[in-house]
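Because only heavy atoms are used, hydrogens play no part in the values below, and waters and symmetry mates are left out as well, while side chains stay in. Counting starts at 1 for both ligands and their atoms, following the listed order.
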Amino acid sequence: MQPTSLDTVLAAFNWRYATKKFDPSRKIPAANWSALEQAMTLAPSSFGLQPWRFVVVNDPQVRAKLREVSYGQPQITDASHMVVFARRTKLNADDIGRHIARIAEVQNIPLASLESTRTMMVGSMTSRADADLNAWAGRQLYIALGFFLSAAALAGIDACPMEGFESPKYDQILRLDREGYQATAVATAGYRAADDAFAGKAKVRFGQEDSIRHV
Ligand SMILES: Cc1cc2nc3c(=O)[nH]c(=O)nc-3n(C[C@H](O)[C@H](O)[C@H](O)COP(=O)(O)O)c2cc1C
């Protein structure tokens, strides 16, 4: 791994902003988009359980429908790419079994040697109330969203994180509910329009002395 300087990281984080107006004529090259997809899936999650599904919506007709249930926000149709971060609802013992089987496969270790890990995870997760479990899954998604936004910024790709949409309607349109998932957040990505007024605005953050406490 070739380290990236923190100056470069901070420059990217200062350069990025929640893009309000994308240039609809500019598309992210396929290889770059593929790398951003990988960046999401490389996000860490509690127990490594990855309680998510990332739905990349390319169909313009579906994007038009989603815009209608996203308060008309233009990013949904105008950005080069769009991904819906959906959480697993009611994670169950089968989901955990699938993860354990994947560990055995990828790390080439006997499934039986992971039995105590599986039992521990099942005990920890399935004892929770559905609301807790779903909130837990939602938290994991935001780590993936952060990975996506950071990777995009470092690659000079504009993005907008979005929660301004009607989640149950997304679930219906994308048939997520049938599959046991729930739309939680969206990221649109592409290239800023030359006249996006938000691009030139100063970044608003509390001072570090207000946000960070050293003990
Ligand atoms: C979880 C989340 C949801 C957001 N939802 C929307 C949204 O629906 N539409 C939008 O234009 N911006 C949305 N934003 C962008 C924020 O308003 C923006 O990130 C914040 O004001 C900080 O500005 P900056 O990202 O440009 O630095 C969202 C941001 C986050 C992190």
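- Within a 4.0 Å radius of atom 21 (O) of ligand 1, the protein contributes no non-hydrogen atoms.
- Contact annotation for K201 and ligand 1: no heavy atom of the residue comes within less than 4.0 Å of the ligand.
- The heavy-atom pair separating A189 from F22 by the smallest distance is C-CE2, 3.7 Å.
- Taking the six-membered ring for Trp and thresholds of 30 and 60 degrees, W33 and H81 have nearly parallel ring planes, at less than 30 degrees apart.
- Taking each of E163, K20, K21 in turn, the one with a heavy atom nearest to atom 5 (N) of ligand 1 proves to be E163.
- For the pair I96 and V122, the tightest heavy-atom approach, listed with the atom from each and the gap, is CD1-CA, 3.7 Å.
- With 3.5 Å as the limit, one finds a donor-acceptor pair spanning the side chains of R67 and T77.
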- Message: Show, in sequence, the C-alpha distance, side-chain angles and deciding distance for R88 and D95, and conclude whether the salt bridge (charged side-chain N to carboxylate O under 4.0 Å, His left out) test is met.
- Response: CA-CA 9 Å; R88 180 81 171 120; D95 295 308; 3.1 Å; yes

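- Listed by number with element, the atoms of ligand 1 under 4.0 Å from a non-hydrogen atom of Q75 are 11 (O).
- Of the listed residues (C160, A18, P161), the one carrying the non-hydrogen atom nearest atom 13 (C) of ligand 1 is P161.
- Listed by number with element, the atoms of ligand 1 under 4.0 angstrom from any heavy atom of Q73 are 7 (C), 8 (O), 9 (N), 10 (C), 11 (O).
- In this structure, the side chains of L145 and M40 stay at 4.5 Å or more apart for every pair of heavy atoms.
- Without hydrogens or angle criteria, S150 side chain to G146 main chain gives a donor-acceptor distance under 3.5 Å.
- For atom 10 (C) of ligand 1, the nearest protein heavy atom is under 4.0 Å away.
- Listed by atom number, the atoms of ligand 1 under 4.0 Å from R16 heavy atoms are 24 (P), 25 (O), 27 (O).
- Of all protein heavy atoms, the one lying nearest to atom 8 (O) of ligand 1 is G164 N, 2.9 Å.
- Counting protein heavy atoms only, atom 23 (O) of ligand 1 is closest to R205 NH1, 3.9 Å.
- For A86 against L141, the heavy-atom pair with the smallest separation is C-CD1, 3.5 Å.
- Close approach of ligand 1 to K203 is summarised as follows: ligand atoms under 4.0 Å from at least one heavy atom of the residue are 24 (P), 26 (O), 27 (O).
- Not a single N or O atom of Y17, backbone or side chain, sits closer than 3.5 Å to an N or O atom of ligand 1.
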